[in-house]
Trainee: 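Let me begin by handing over the structure; questions about it come next.
FYI, side chains are in, hydrogens and waters are out, and symmetry mates aren't considered; it's all heavy atoms of this structure. Here the structure is a predicted model, which is why all the values come from computation and not from measurement. Here is how names work: the chains are called A, B, and so on, in the same order as the sequence lines, proteins then strands, and each is numbered from 1.
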2 protein chains.
Amino acid sequence: MNGKGTTARTRLERGRGALGPALELVHTGRAPTRAVLTAELGVTRATAGAVAAELEALGLIRVDSRPGAGAGSQGRPSHRLSIDDKGPVALAAQVHADGFRAALVGLGGRIVATAPVRSTVTADPAQVLGEVVEAGAGLLRTTGLRCVGAGLAVPSAVAEPEGTALNPLHLAWPAGAPVREIFAERVRAAGIEGPAFTGNDVNLAALAEHRHGAGRGAQHLLCVATGHRGVGGALVLDGRLHTGSAGLALEVGHLTVNPEGRPCYCGSKGCLDVEADPLAFLTAAGRAPGPEVSLLQQARDLLRTEHADPAVRRATEELIDRLGLGLAGLVNILNPDRIILGGLHRELLDADPERLRAVVADRSLWGRSGGVPILPCTLDHNSLVGAAEVAWQPVLDDPLGALAP
Amino acid sequence: MNGKGTTARTRLERGRGALGPALELVHTGRAPTRAVLTAELGVTRATAGAVAAELEALGLIRVDSRPGAGAGSQGRPSHRLSIDDKGPVALAAQVHADGFRAALVGLGGRIVATAPVRSTVTADPAQVLGEVVEAGAGLLRTTGLRCVGAGLAVPSAVAEPEGTALNPLHLAWPAGAPVREIFAERVRAAGIEGPAFTGNDVNLAALAEHRHGAGRGAQHLLCVATGHRGVGGALVLDGRLHTGSAGLALEVGHLTVNPEGRPCYCGSKGCLDVEADPLAFLTAAGRAPGPEVSLLQQARDLLRTEHADPAVRRATEELIDRLGLGLAGLVNILNPDRIILGGLHRELLDADPERLRAVVADRSLWGRSGGVPILPCTLDHNSLVGAAEVAWQPVLDDPLGALAP
DNA sequence: GTTACTTTGTGCCGCACCTAAACAAAGTAG
DNA sequence: CTACTTTGTTTAGGTGCGGCACAAAGTAAC
C-alpha cells in the first residue's frame, strides 16, 4: 500500500536539497523507479521516497503502484515513476525563415500540443512575436494546463545579458532587436505566468538533444548544424549550455576550412559559413537556388533524390571534407566526447558517415580525440523542445521554490 | 577578547559545507576579514565565525585580533584573516626544455621555498622526475612543513584520465610516457604524503593566473602562451580548468592563421603552431636560431634589444597579426571575458598592444566580444604555482575531509 | 568624557534536510 | 510453504545553518 494522499501531505516540507536533482533524473528518463532514483542520487531509500512523494504532491510526477520493470527479476518490484501528463507545461516558440510555431512542452521533452505553423514572418519582431505568443496562449486556453514559463528560439546569436538578436539576417529583422524583451512583454501581456527566455536555435537544439535525444549522457557535447545560411554551433558542458561570457560562444562559422576558398563577408576566405551551408552545396553541385522553398529543403532534396548524379556526388564529398575540417578544428579546441549534427550536416553524415569520420580523425591532433562519435540528431523539433527546456530550468533547479509561491 | 583556543575547540565539528568556499576565498585573497567572508559566502556572521575558527583549528589560516583594514572607518574593526605561514604546503614541480625545478607553495600561491634549477633533462622521465621529487623532498625536510600533495607541470598535452604525456617532444621523452604514474610513484617512494597530480604547463599557468594573477575574477579566462616550440592554450571556466573530455582541449596550435603560410607537420599549412612561436619569429626576422640558449630566450632578446631593426619590426608585426587572427578565432568559439598571454606572446603584446587588440577586434564577429581585455601574465613561475594549485584542490574542496584523516 | 551610533563577533535555540536502523511488503526460487 | 531478495516506510537522531539577542569595539558628536 502506497498511502498516496496522507503520506505525501506529511512529507510536503521535506526534501528540498535533493528535489531538483531528482526531478532532473525523472525528466531525462534516468530514474524509472524509486530504487534507481535512490542509487542515482546517492541517498537513502527513505530520502528518495520522500522526494518522490513531494514531487508527486507538486503535480509533476506520478508514482504508479503497477508493474515497474525493475532491475533483476528477484525482490520486490519497484513502483514506476512517470511524468504526470496532467502536469504543467512550458510554452515553447520558434521563429525561423520559413515561419513560426508555438507548442506546449511538458516534462521529459514531450510535446503536448502544437499550433499550426504560419509562414508569414514580417520585418517587425513585435508583430511576429505577438502572433506566436497568442498562438501559444490559445493552446494554453484550450488545454487548460498550467504554464511554468516560456522560451523562444531564434536563428541568430543572442547577446547576454541583454537578449538582443545580433544577426537575425534571414528574418529581415533589424540587427540588435531586443527579442527577449519583446517576447517577455508579449508573454506578460497575454496573461501567461512565469519567466520568459530567449536563445539561439542551435544552442537550444543542443540542449534538447542532450537531455532527450542523441546527446544523452555526454559530458562535453558539441552540436553543429546548418539550416538556411551559415553554420551554427553549440556546446553543452556538464548538462549546461555554454554560451560564453556574452552569449557569443560557438560562433563556429568563421573557422577556415578551405585556404583557397571563396571570400567570406567576415573579410577572410574559405570560412565554414560559406563553404558548408546549403547554398554552398547547391553551388558546388552547379545548381542555381530557386526562391520557392528554403535553401535547406532544396539542398536536402538534391542530396536525397539525385545522389547518383556525379556533380551531386562531388559536391557531397567536398562539403563533407570542409565540414570535417571544421569539426576537427573544434575537436582540437573543445575536445568533446560526442558530436551531433543537424540540418544539412545531418544529411551529409547520413550520406557518407565513414568519410566524415575519417576526415575528422585524420585532422584531429590525437587519434583519441579524433575518434569522437559523430551522430545525427534524433529529436523532432529540437529547437522547440530546447526552448521549453530553458523555461523549465528554474523548476528543475528548485521545484519547490519555483512552483510554491 | 576573541577566545581563540576554547571557542575554536567547541566549534570544531561545525561548518562542513561552507568550509571549502570559505578557504577558497581566503586563498584567493577575496576575504581579508570575517565581515567580508560573511558577505561573500552569503551566510550569517555566526556561521562565518565558526568556519573561520575551524579553518584556524586546522592550521590553515590565522585570525589576527590586530587592526584589520575593514570597510568603513565606522563600527567595530574587523579581525584580519590571513594565511598561516606555518601551515602546510604543496610540493610543486616543473619540467621544461631548459631544466627542472621544485618548490613548496603555501596557500595564497606563496612560494615558500625553491630548489635551484637543474638543467640536465635526460631522455628518461623516471630519472628526471626522481631527481625533481628528491629536490622537493629535501625542501620539505629542511623546512619541516606538512605537505598536502604534489603537482607536476610538463610541456606536453596530458591525456586524461591516464596521465600520459602525448607530445613531450622537446624533452626527448617518449610520446605517451606515463608521467603521472611515474611522478606519483616517485612521490610515494620519497615518503611524501598526499595525492600527486600532473598537468600541462600552460593549463596550470592559466589556473594560477586565474587565482592569484591577472586572471582574478574572470569567469571565462583564455590563456595563450608560447615557450619553446608550438603554441599552448588553456581555458578556466568558473574557476575550474577546462581540459575537455580527454584532457586534450585547447590544442590551439592548429588554427589556420595564414592561408598562404608554411606547411605544418599536421598536414595543413599556416597553423598557429608554426606561424607564431619563437622559431617563427626568428625566421621571420631573418635570423638563424643558435643552439646556446632556448628559442624563447633568443626571440625575447631579439625583440627587446633590436626592436629598432626594420626586419625585427616587420617580424614583430607579422607575428602580432598571426597571433591576433588565432585569438580572434578562439574568441569566436569561446567568447572569453579576458585573455592572458604568456611567453613570447606576452612580449609581443607589450611591444604593440594596440595592434594586437585591433586585429582581434577586427576579426572577431561582434565588436563586443572583440573588445575583450588582453593582458600579460603577471605571476612569476605561474606553471609552478598552478601545479601546487591542483595539489591544493582537494583541501580547497573539502578541508576537513582532506586534512582530518 | 560621556553618549549615541555603527559595525563586528558570539551564544543559544530551532528548523530543514538527511542518515541509520528496524520493520513491513511484495515479489522470486526452490 | 519457506527462504531469500529487493523495495518502501516508519521512527529516531544528528549535522549544518539561520535567526535573534546581546556583547564588544571602534568612531562621531557634544
Trainee: Quick one: A:L19 CG to C:dA16 P, roughly how many Å, whole number?
Mentor: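 My rounded result for the distance is 15 Å.
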Trainee: Nearest 0.5 Å, please: how far is OG in B:S82 from CG in B:L107?
Mentor: 11.0 Å
Trainee: Look for any protein N or O under 3.5 Å of an N or O in nucleotides 2-6 of chain D and output each such pair with its distance, or none.
Mentor:
residue, atom, partner, partner atom, Å
D:dT5, O4', A:Q74, OE1, 3.4
D:dT6, O2, A:R76, N, 3.0

Trainee: Which nucleotide wins on minimum distance to the side chain of A:A46, given the candidates C:dA21, D:dG18, D:dG8?
Mentor: C:dA21
Trainee: Take atom CD of A:E40 and atom P of D:dT7, then tell me their distance rounded to the nearest Å.
Mentor: 13 Å
Trainee: Please give, in whole Å, the distance from C:dA26 C1' to A:R34 CZ?
Mentor: 13 Å
Trainee: How close or far is atom P of C:dG27 from atom CZ of A:R80, stated in whole angstroms?
Mentor: 15 Å
Trainee: Does A:R45 contact D:dG8 through a side-chain donor or acceptor facing the base, at a distance under 3.5 Å?
Mentor: yes
Trainee: Can you tell me how far CZ of B:R34 sits from OG1 of B:T47, rounded to the nearest 0.5 angstrom?
Mentor: 13.0 Å
Trainee: Does A:S78 have a side-chain nitrogen or oxygen under 4.0 Å from the phosphate oxygens OP1 or OP2 of D:dG8?
Mentor: yes
Trainee: Does A:T47 have a side-chain nitrogen or oxygen under 4.0 Å from the phosphate oxygens OP1 or OP2 of C:dT19?
Mentor: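 Result: yes.
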Trainee: Rounded at 0.5 Å granularity, tell me how far CD in B:E193 sits from CZ in B:R188.
Mentor: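 With rounding to 0.5 Å, CD (B:E193) is 13.5 Å from CZ (B:R188).
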Trainee: Rounded to whole Å, how long is the line connecting atom CG of A:L37 with atom P of C:dC18?
Mentor: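 Taking CG of A:L37 and P of C:dC18, I get 12 Å after rounding.
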Trainee: Should the pair A:D397-A:R240 be classified as a salt bridge under the 4.0 Å nitrogen-to-oxygen rule?
Mentor: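 A salt bridge is present here (some side-chain N lies under 4.0 Å from a carboxylate O).
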Trainee: Regarding B:R211 and B:E389, does a basic nitrogen lie under 4.0 Å from an acidic carboxylate oxygen?
Mentor: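 B:E389 and B:R211: salt-bridged.
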Trainee: Could you tell me whether A:E181 atom CD has more than 12 heavy atoms of other residues or ligands within 6.0 Å of it?
Mentor: no
Trainee: For A:E56 and D:dT9, give me the distance from atom CD to atom C1', rounded to whole Å.
Mentor: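 Whole-Å distance recorded here is 15 Å.
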Trainee: I need the full list of ring pair (Phe, Tyr, Trp, His ring centres under 6.0 Å) pairs touching residues 25-50 of chain A, with sequence neighbours left out, sorted by first then second residue.
Mentor: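 Listed once each, the pairs are A:H27-A:H212.
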Trainee: Return the value, rounded to whole Å, for the distance between atom CG of B:L400 and atom P of D:dG16.
Mentor: 8 Å
Trainee: Mind calculating the distance between NE2 (B:H79) and C1' (D:dA25) to the nearest angstrom?
Mentor: 8 Å
